[in-house]
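To start, the structure under review is shown below, and the notes come after it.
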Amino acid sequence: MIRAVENFKSDFKYSFKVEDILKKLTLEPPKNPINGDMSTNLAMILSKDLNLSPKIIANNFMIYISNLPDIENVDVAGPGFINIKFKQHVWSDFICNLINNTENWDELKIGKGKKINIEYISANPTGPLHAGHARGAVFGDALASLLTTVGYSVIREYYINDAGNQIEKLVESSLLRYNEQVTNKSIDIPDGLYPGEYLKEVGKTLFEKYGDELQLDHKEKVFEKVRSVSLEVIMGMIKNDLLKLGIEMDVFTSEKEIISGHLLVDILKILESKNLIFSGVLDPPKGTDPKNWKKREQLLFKSSLYGDDSDRALKKSDGEWTYFATDMAYHLDKMNRTKGDLINVLGADHIGYIPRISAAVNALSNGSISIDTKVCALVNLLEDGKPIKMSKRAGNFVTLSDIIKAVGKDVVRFIMLTRRNDQPLDFDFKKVMEKSKENPVFYVQYAHARCNSIFRSSKVKEEELILENPKLLEDNYEIELIKFIALWPRTLELAAKNHEPHRICYYLIELSSIFHSLWNKGKDNNIKFIVEDNLELTNARLSLVKAVAITIRKGLSILKIEPIFEM
RNA sequence: GGACGCGUAGCUCAGCUGGAUAGAGCAACUGCCUUCUAAGCAGUAGGUCAGAGGUUCGAAUCCUCUCGCGUUCACCA
């Protein structure tokens with residue numbers, strides 16, 4: 001294509017800059033297949049430079065493409081699109097290539113082995129994972145898997161907020177549960193502490209480990225012991241739940257260790273050297289009542305220089321570090337370890353936090369590290385259209401473990417990705433288990449099971465199939481399916497570049513739809529996959545079925561979902 | 001009040017970073033099972049892409065403003 005443009009330029013002695021044009025040039029399959037297999041906007045973008053109408057340019061340029069091999073014809077349409085139609089064999093050869101390279105026909109090397117760190121879940125270690133964590137967990141994990149597939153070296157990271165006020169409350173709550181074990185009397189958990197039943201497990205473990213030797217009246221002495229047992233037990237629950245979802249993190253980083261290390265001193269030095277730190281008083285945010293505003297002199301970071309609305313406090317008035325300060329230190333730590341870009345997956349309730357952390361990463365890395373923060377919107381849990389009531393105060397919220405038990409890991413993973421991450425999502429326990437077209441997991445799995453069913457009937461083993469005569473794939477419906485399969489690498493690429501794993505789901509649903517449609521052509525148009533008296537044709541069509549099955553499995557494997565072979 | 005996100009068919013949502021006549025699925029009508037799984041498929045109907053400007057060959061997509069909805073806004077984590 002580039003060569004064609006250059007020849008075109010020199011033959012007509014045009015004076016445009018090829019590099020400039022290439023920036024705006026597109027060469028892609030048009031939305032509507034009626035307009036050919038590939039389409040380019042060349043004539044339209046040249047029209048201004050050459051002061052000629054796009055149609056004239058397009059007509060002059062056509063010949064430079066139509067002489068290329070594998071081109072059936074070229075025409076000019078609409079405002080000046082140059083539409084290219086490939087010869088039929090391009091598509092059947094494509095299937096041939098796919099069948100011969102089932103493992104790496106779609107291999108993309110976008111990542112080039114570069115490191116990238118994805119922090120996700122990072123749920124507080126004060127209780128088991130619940131429904132709200134599920135989406136971020138699945139999203140982050142699918143994104144990690146997707147980026148691994150396209151050649152990045154991905155680090156899956158979980159940040160444990162094991163410091164601060166909430167841990168004190170956790171220790172207190174655990175001690176009460178421990179007391180229950182010692183005295184064998186049940187205790188009411190006061191407001192403000194963690195009432196959940198799961199802490200009984202912690203109490204039990206403490207009792208098994210220490211007997212009754214923990215002296216409750218010397219809280220400071222037992223604090224560390226209770227803390228470490230509580231965290232161990234709860235993080236054990238969390239890791240176990242994640243495992244049920246098919247998730248294994250590479251790195252767990254402790255907030256407490258960040259605080260006790262030298263990183264906070266490091267960031268102070270860095271910020272000082274850049275003159276980004278000062279002692280001052282924040283203005284009240286606009287719209288708040290100034291009467292309620294307490295002026296406080298604090299150590300501040302000039303995050304407003306990096307696009308944040310306000311500067312941010314690094315130290316509390318009592319001299320302790322703020323959460324933001326330790327988080328900044330944590331991000332420095334991540335950058336040091338990763339030596340690559342960062343992705344954070346957060347819940348929608350932390351949206352306001354994004355600008356300051358981006359500012360921090362920007363300032364600390366001199367803009368050399370990019371951070372992309374993906375926000376996961378709410379999940380509405382429904383039962384047949386009606387919201388499920390949850391009361392976090394009473395401690396009886398729907399846990400992740402409950403959900404997996406009810407519908408299975410694969411359904412959870414798929415459904416969580418059937419909506420863009422920043423859009424709210426309905427998760428209806430009844431609908432996601434339905435065996436019908438309305439349920440996208442089922443729909444895709446059914447398509448795959450059908451592929452397998454065809455192979456069962458044909459008595460040919462899928463893995464042993466070799467395509468003998470690709471030219472027999474010539475029906476329009478077949479070509480349509482092949483073209484869609486050919487879009488798979490592009491889908492992967494876009495999903496990876498935009499950090500949008502949901503695109504994989506949508507692709508699989510559409511692929512399934514096209515396949516189901518072709519299947520039914522067996523009735524109307526007599527395009528059956530298995531043709532009794534024609535082994536060669538059967539072989540060609542089975543190859544197409546194999547290509548569908550391979551692509552569905554590839555997509556599912558990125559989402560870490562098991563394909564179903566028989567339903 | 002500020003920041004961010006959203007507003008696309010009656011409903012739930014896609015829309016390939018600016019392309020051609022804006023797409024699916026539900027719901028509504030009409031068809032298709034002696035057939036490789038009808039757990040499915042085909043067809044009809046349904047739209048001022050919230051509104052108004054701007055950028056250019058070309059806008060649902062980019063910019064500005066207005067309206068509506070949501071989230072969020074100090075030393076919590």
Side-chain angles (χ1 to χ4, degrees), chain A residues 24 26 28-32 34-35 39 41 43-48 53-54 77-81 83 124 126 161 163-167 255 282-288 292-294 296 298 307-310 312-318 320-324 326-327 347-355 375 377-378 418-420 422-426 434-440 442-443 445-447 449-451 453-458 487 490-491 493-495 497-498 500 502-503 506-507 509-510 513 516-524 526 528-531 538 541 545 566-567:
Chain A
K24 291 196 273 181
T26 59
E28 54 192 8
K31 272 184 194 167
N32 191 339
I34 234 169
N35 293 316
S39 180
N41 61 353
M44 275 117 69
I45 55 179
L46 274 179
S47 133
K48 202 174 186 185
S53 92
F81 286 101
N83 293 329
N124 285 335
T126 52
N161 295 127
N165 209 356
Q166 58 179 0
I167 295 303
E255 181 188 2
L282 285 174
D283 292 330
K286 284 171 187 172
T288 52
N292 298 332
W293 183 256
K294 286 179 194 157
R296 279 186 287 251
Q298 285 172 293
D308 199 2
D309 341 328
S310 154
R312 302 293 171 181
L314 295 174
K315 280 199 173 181
K316 303 179 194 171
S317 45
D318 64 1
E320 291 283 307
W321 296 105
T322 61
Y323 178 80
F324 173 60
T326 59
D327 207 23
D349 50 340
H350 290 91
I351 235 170
Y353 193 68
I354 298 170
V375 169
L378 268 172
T418 50
R419 202 108 303 172
R420 278 179 61 115
D422 52 3
Q423 295 285 352
L425 170 87
D426 287 345
E434 243 167 49
K435 296 188 170 178
S436 82
K437 193 180 174 172
E438 267 196 77
N439 177 1
F442 170 78
Y443 192 68
Q445 291 284 22
Y446 184 40
R450 269 188 160 166
C451 291
S453 146
I454 294 166
F455 276 99
R456 270 202 310 279
S457 315
S458 75
L487 285 177
R490 173 102 175 123
T491 304
E493 183 189 344
L494 288 167
K497 283 188 175 162
N498 293 302
E500 290 181 346
H502 75 277
R503 292 182 190 230
Y506 278 93
Y507 175 87
I509 293 167
E510 198 173 345
S513 166
H516 284 307
S517 176
L518 182 61
W519 168 286
N520 276 271
K521 294 288 185 298
K523 284 176 292 194
D524 317 341
N526 246 345
K528 286 204 161 190
F529 295 108
I530 301 168
V531 187
T538 301
R541 290 186 176 165
V545 175
E566 199 170 345
M567 310 183 102

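Given the structure is predicted, the values throughout are model-derived calculations rather than measurements. Scope of the values below: all heavy atoms of this structure, side chains included, with no hydrogens, waters or symmetry mates. Chain A is the first sequence line, chain B the second, and so forth, proteins listed ahead of strands; every chain is numbered from 1.
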With [atom1] as the reference atom in both, quote the distance from [N] to [M] in angstrom, rounded to an integer.
{"N": "rG2(B)", "M": "rC62(B)", "atom1": "C1'", "result": "24 Å"}
{"N": "rU61(B)", "M": "rG54(B)", "atom1": "P", "result": "14 Å"}
{"N": "rA22(B)", "M": "rA59(B)", "atom1": "C1'", "result": "12 Å"}

Ring centroids of Phe81(A) and rG19(B) base under 5.5 Å with planes under 30°: no

Does the ring of Trp519(A) lie flat against the base of rG40(B), closer than 5.5 Å centre to centre with planes under 30°? no

Answer syn or anti for rU37(B), where the cut-off is 90° from 0 on the glycosidic torsion. anti

Under 4.0 angstrom between [X] side-chain N/O and [N] OP1 or OP2:
{"X": "Arg419(A)", "N": "rC13(B)", "answer": "yes"}
{"X": "Tyr446(A)", "N": "rC41(B)", "answer": "no"}
{"X": "Ser517(A)", "N": "rA42(B)", "answer": "yes"}
{"X": "His516(A)", "N": "rA24(B)", "answer": "no"}
{"X": "Thr538(A)", "N": "rC36(B)", "answer": "no"}

Strand RNA chain B as a dot-bracket string - pairs counted if Watson-Crick or G-U with both distances under 3.5 Å, | where the partner lies in another strand: (((((((..((((.....[...)))).(((((.......))))).....(((((..]....))))))))))))....

Rounded off to whole Å, could you give me the [atom1]-to-[atom2] distance for the [X] and [N] pair?
{"X": "Gln445(A)", "N": "rU37(B)", "atom1": "CD", "atom2": "P", "value": "17 Å"}
{"X": "Lys437(A)", "N": "rC26(B)", "atom1": "NZ", "atom2": "P", "value": "5 Å"}
{"X": "Arg420(A)", "N": "rG15(B)", "atom1": "CZ", "atom2": "P", "value": "6 Å"}

If you go through the side-chain atoms of [X], does one of them form a donor-acceptor pair with the base of [N] closer than 3.5 Å?
{"X": "Ser513(A)", "N": "rA24(B)", "answer": "no"}
{"X": "Asn83(A)", "N": "rA20(B)", "answer": "yes"}
{"X": "Asn520(A)", "N": "rG40(B)", "answer": "yes"}
{"X": "Asn498(A)", "N": "rU17(B)", "answer": "yes"}

Measure from the side-chain N and O atoms of [X] to the backbone N and O of [Y], and report whether any donor-acceptor pair falls under 3.5 Å.
{"X": "Asn439(A)", "Y": "Glu434(A)", "answer": "yes"}
{"X": "Ser39(A)", "Y": "Pro30(A)", "answer": "no"}
{"X": "Asn32(A)", "Y": "Ile34(A)", "answer": "yes"}

Using distance alone, with no hydrogens and no angle criterion, decide if Arg419(A) and His502(A) have a side-chain donor and acceptor under 3.5 Å apart. no

Polar side chain donor-acceptor pair, Gln166(A) to Asn161(A), under 3.5 angstrom: no

side-chain contact (heavy atoms from CB on, under 4.5 Å) for Trp519(A) and Ile454(A)? Distances and angles first, verdict last. CA-CA 10 Å; Trp519(A) 168 286; Ile454(A) 294 166; 3.5 Å; yes

Looking for any heavy atom pair under 4.0 Å, which part of the strands does Tyr506(A) touch: base, sugar-phosphate only, or nothing? sugar-phosphate

May I ask you to establish whether Lys315(A) and Trp321(A) are in a cation-pi arrangement, using a distance under 6.0 Å from NZ or CZ to the six-membered ring centre and at most 45° from the ring axis? yes

By side chain to side chain donor-acceptor pair (under 3.5 Å), Glu500(A) pairs with (sequence neighbours left out) Arg503(A)

Counting side-chain heavy atoms from C-beta on, which of rG2(B), rA77(B), rC36(B) comes nearest to Asn124(A)? rA77(B)

